[in-house]
Each structure stands twice: as C-alpha cells, then as structure tokens.
Amino acid sequence: MLASFPKQDAGACESSARSLDVVVGQEGGVYFVRIDRRIDRCGWPVGSSLEFDWFELYAVSPEGKILARRAFMP
C-alpha cells in the first residue's frame, strides 16, 4: 500500500503509515481489512481529504494470504 504513494512524497507524513487508519472484520472465516487515509493525523484540519472517499479493501485468509483487493477512488 505505502509503495503506491508517489516516490517524491516518501518523507511526508501524508504518505506514511501514520496517515492510515485500518479496520479489520471477520466473516465466514475470512478477514476483511479496510484502509482509509486520515491526513488529519498529519496536522490537516479534521475532515480534510486528498481524495474523495478513498479506501482500499482486502480479503485475507486466516494464514495472512491476500485473497482479493478492491481499491476504490471515485
């Protein structure tokens, strides 16, 4: 995920793990992991966003294998 951010922004808080929020759920023996960008953790005003409703969603096996990935950016 972090590797997908622009290389020129690698040192910026907005392109670091600090700016990411992770939510994990489980259904039917599969884990669902949603990653949201939270740039308010980098000094931006709460509710700020660099994208409109951006997130990534992964289906992950109990062994940690990524079964599917769904990136969403309108």
Side-chain angles (χ1 to χ4, degrees):
M1 161 92 219
L2 292 172
S4 68
F5 290 145
K7 302 271 187 256
Q8 67 269 20
D9 297 337
C13 177
E14 294 84 353
S15 297
S16 71
R18 183 176 175 198
S19 71
L20 301 176
D21 193 27
V22 179
V23 179
V24 179
Q26 184 184 28
E27 179 68 35
V30 175
Y31 292 94
F32 294 91
V33 180
R34 179 180 165 134
I35 301 174
D36 295 298
R37 203 153 183 205
R38 295 278 312 276
I39 60 171
D40 57 298
R41 294 180 178 166
C42 298
W44 291 61
V46 174
S48 295
S49 180
L50 297 175
E51 303 89 3
F52 295 106
D53 197 26
W54 175 96
F55 67 88
E56 288 201 9
L57 182 65
Y58 297 88
V60 182
S61 74
E63 295 78 28
K65 181 179 179 188
I66 296 175
L67 305 172
R69 173 184 173 265
R70 168 85 167 137
F72 180 78
M73 181 186 271

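If you read the sequence from its start, that first residue is 1, and numbering goes on from there. From a predicted model like this one, the values you see are computed outputs, not experimental measurements.
Panel note: side chain R41, backbone L20; a donor-acceptor pair is recorded below 3.5 Å.
Under the salt bridge (charged side-chain N to carboxylate O under 4.0 Å, His left out) criterion, R18 pairs with no residue at all, not counting sequence neighbours. Here V33 pairs with V22, V24, I35, Y58, V60 under the side-chain contact (heavy atoms from CB on, under 4.5 Å) rule; sequence neighbours left out. In this structure, Q26 has no side-chain hydrogen bond (donor to acceptor under 3.5 Å, both in side chains) partners at least two apart in sequence or on a different chain.
Shortest non-hydrogen contact noted between P62 and Y31 is CA-CE1, 3.8 Å. Taking every heavy atom of both residues into account, V30 and A59 meet most closely at CG1-CB, 4.0 Å.
To the nearest 0.5 angstrom, D36 atom CG is 10.5 Å from E56 atom CD.
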